[in-house]
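Right, one structure below, let's go through it.
In each ligand, atom 1 is the first atom listed, and ligand 1 is the first ligand listed.
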Amino acid sequence: MSEQILAPLAACVHCGFCLPACPTYLATGDESDSPRGRILLMRALARGEIAATDDALNDHLDACLGCRGCEPVCPSGVRYGAGLEAARDVLARAHGLPLRARLILAVFRHRWIWQPVLTVSRWLRATGLPGALAGRGRVGFAMGMLDASQRSTVNGRLSTVDRRPGVRPSTCPSVRLFTGCVMSTLFPHVHRATERALARAGCQTTRPPGQACCGALHAHAGDLDGARALAAINVHAFGDSDDLIVVNSAGCGAMLKGYGHLLGGEDAARFSKRVKDVTELLDEGRETRDLRDRQSTCLTAVYDSPCHLQHAQGIIHQPLALLSEVPGLTLLPLADSDKCCGSAGIFSLLEPAMSQAVLDAKLDAILAVDPVPDLVLTGNPGCLMQIGAGLRARGSSIRTAHPVELLGARHD
Ligand code: SF4
Ligand code: SF4
């Protein structure tokens, strides 16, 4: 395991170019909360120079978002995320995960647990109670997250964007939708919008049965065995076909694309090569589609780039290119849109103080946009809920939505 930590980090020359890209370093100013400082700690762990039970080591690695914002700015090509995952696996084996993390990961390990739990959460959301209780404090923020997961209509304007189907069918192949856990239960409207957008692009979408949670929460927390078990279920569920696997959650997409590395073997590698984010796929056929029949909307929005879309998958321009074609949508620039929002899977539950510090910077940037946008668009459920809850806590009327809700808006 020490080699799995050292090898991805070996190229680090301690230049420090990554420091300004690190949200936790920007929040604390502490070198040990920077990529460079954490790399030194992880190397010391791998070489046996620091015990896996060392409090300071655990504190600084626990406080890392795993956002991988340090990777694209690194001139040496350090694979920070791979090193962090291996280090967290060592720490989890040495002293176990905190009880709260174990409980959350246990829920998402089994469909028969997470499906009813999240379905009941959706029912609670439908009562309007989370919206009424959303605000500051632990409970208010949790309620805000749940409220922010619902379809954002912005006075009904989201449903008036595109009344006609795509004019010219493209050569899009048949695709299989990765449904996931949170996306399938709290964001079914995003799945429906994804299918509509793909249908307009000429793609036939199916939902293979027997899928599991992608395992990203487990991998990022250091439970690699749990992540592998879920990955194996998904590789089996999608079968041995050439159909593309389309995903609309940035965190899940990055995880699915990493199954080849996580599981090893040809089946997993072939699976990972089939995976595409929905914006990646739609962008590929963009020039063949005729958008003239689209009805105009009247919305202003900013786009916030999810870490696991931009840093882990290298998908940066595609969502913006697609959104720029939505008639009547005014996209405003957002400062530091490439920075993490502090969600990072279960990070916001395990490290609430650091998560809030990182979120505050994001909210400050959003609330400084002039004129005030209607929407923050972002393609990851954790970011949608984290930013949405933060905006509610600040008393803002700005809402969050997935880009595909505009690209595949309803015909009503
Ligand atoms: S991770 Fe990359 S950018 Fe950061 S200190 Fe090391 S070599 Fe420099
Ligand atoms: S993964 Fe994110 S939080 Fe962690 S060191 Fe890199 S930039 Fe900083």
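Among the backbone and side-chain atoms of Cys67, an N, O or S atom lies under 2.8 Å from atom 2 (Fe) of ligand 2. Among the atoms of Cys18, an N, O or S atom falls under 2.8 Å from atom 4 (Fe) of ligand 1.
Of the protein's heavy atoms, Cys22 SG, 2.4 Å lies nearest to atom 8 (Fe) of ligand 2. Among all protein heavy atoms, the one lying closest to atom 5 (S) of ligand 1 is Gly16 N, 3.2 Å. For atom 6 (Fe) of ligand 2, the closest heavy atom belonging to the protein is Cys70 SG, 2.4 Å.
Under 4.0 Å from ligand 1, the heavy atoms of Ile39 that appear belong solely to its side chain. Contact annotation: for Tyr80 versus ligand 2, heavy atoms closer than 4.0 Å belong to the side chain alone. Only the side chain of Arg38 comes within 4.0 Å of ligand 2, judged by heavy-atom distances.
Looking at His218, its side chain does come within 3.5 Å of a backbone N or O of Leu105 through a donor-acceptor pair. With hydrogens and angles ignored, the 3.5 Å screen pairs a side-chain donor or acceptor of Ser355 with a backbone N or O of Gly342.
In this structure, Pro35 has no heavy atom closer than 4.0 Å to ligand 1. The shortest separation from a heavy atom of Gly77 to ligand 1 is not under 4.0 Å, leaving the residue out of contact.
The neighbour count for His317 NE2, taken as heavy atoms of other residues, nucleotides or ligands under 6.0 Å away, does not exceed 12.
Distance check, rounded to the nearest 0.5 Å: CG of Leu377 to CD of Glu405 gives 8.5 Å.
Between Asp304 and Lys362, at least one side-chain nitrogen of the basic residue sits less than 4.0 Å from a carboxylate oxygen of the acidic one, meeting the salt-bridge criterion.
Residues Asp338 and His311 have side chains that never bring a donor and an acceptor to within less than 3.5 angstrom of each other.
Nearest-residue assignment for atom 3 (S) of ligand 1 (options Gly37, Cys15, Cys12; heavy-atom criterion): Cys15.
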For this session: Check step by step if side-chain hydrogen bond (donor to acceptor under 3.5 Å, both in side chains) holds for Arg111 and Ser184.
Result: CA-CA 11 Å; Arg111 186 182 193 98; Ser184 66; 4.9 Å; no

